[in-house]
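Reading through the structure tokens given below for one structure.
All heavy atoms count here, side chains included; hydrogens, waters and symmetry mates do not.
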Amino acid sequence: MVRPTLVTLAKRVPLIHFRKGGAGAPGAQTANQQLAGGPAIEDYELPARFARKPIDPEEAAYINNGGIPN
């Protein structure tokens, strides 16, 4: 049988500190727009070092067929 022990618990203090206002505040929408940044960069606008590597036909066949055949 488990007996409950009496322990004096201190008031719980949350570790995360939220900013005042929350999502419903009038200034919350403008803050989200500021974090979004500028317009997106398309694939063809990327420098060559960030471009996607071409996929060979064998790898494309594996992708299209759902993986390596058993």
Side-chain angles (χ1 to χ4, degrees):
M1 176 182 271
V2 177
R3 295 184 186 181
T5 59
L6 297 175
V7 177
T8 305
L9 297 176
K11 182 180 176 184
R12 183 182 175 278
V13 178
L15 298 176
I16 300 173
H17 299 283
F18 296 99
R19 294 182 181 159
K20 291 184 179 180
Q29 185 64 23
T30 57
N32 288 337
Q33 290 173 350
Q34 290 174 353
L35 295 176
I41 298 174
E42 297 295 331
D43 287 346
Y44 63 88
E45 296 174 333
L46 290 173
R49 64 181 179 164
F50 297 120
R52 292 181 182 228
K53 296 177 183 172
I55 298 176
D56 63 338
E58 184 180 358
E59 186 176 0
Y62 285 143
I63 293 170
N64 291 333
N65 293 328
I68 299 173
N70 294 334

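- Hydrophobic side-chain contacts under 4.5 Å tie Tyr44 to no other Ile, Leu, Val, Met, Phe, Trp or Tyr residue.
- Annotation for Ile63: hydrophobic cluster partners, listed by chain and number, are Ile55 (ILVMFWY side-chain heavy atoms under 4.5 Å, direct or chained).
- Residues passing the side chain to side chain contact (heavy atoms under 4.5 Å, CB included) test with Asp56, sequence neighbours excluded: Glu58, Glu59.
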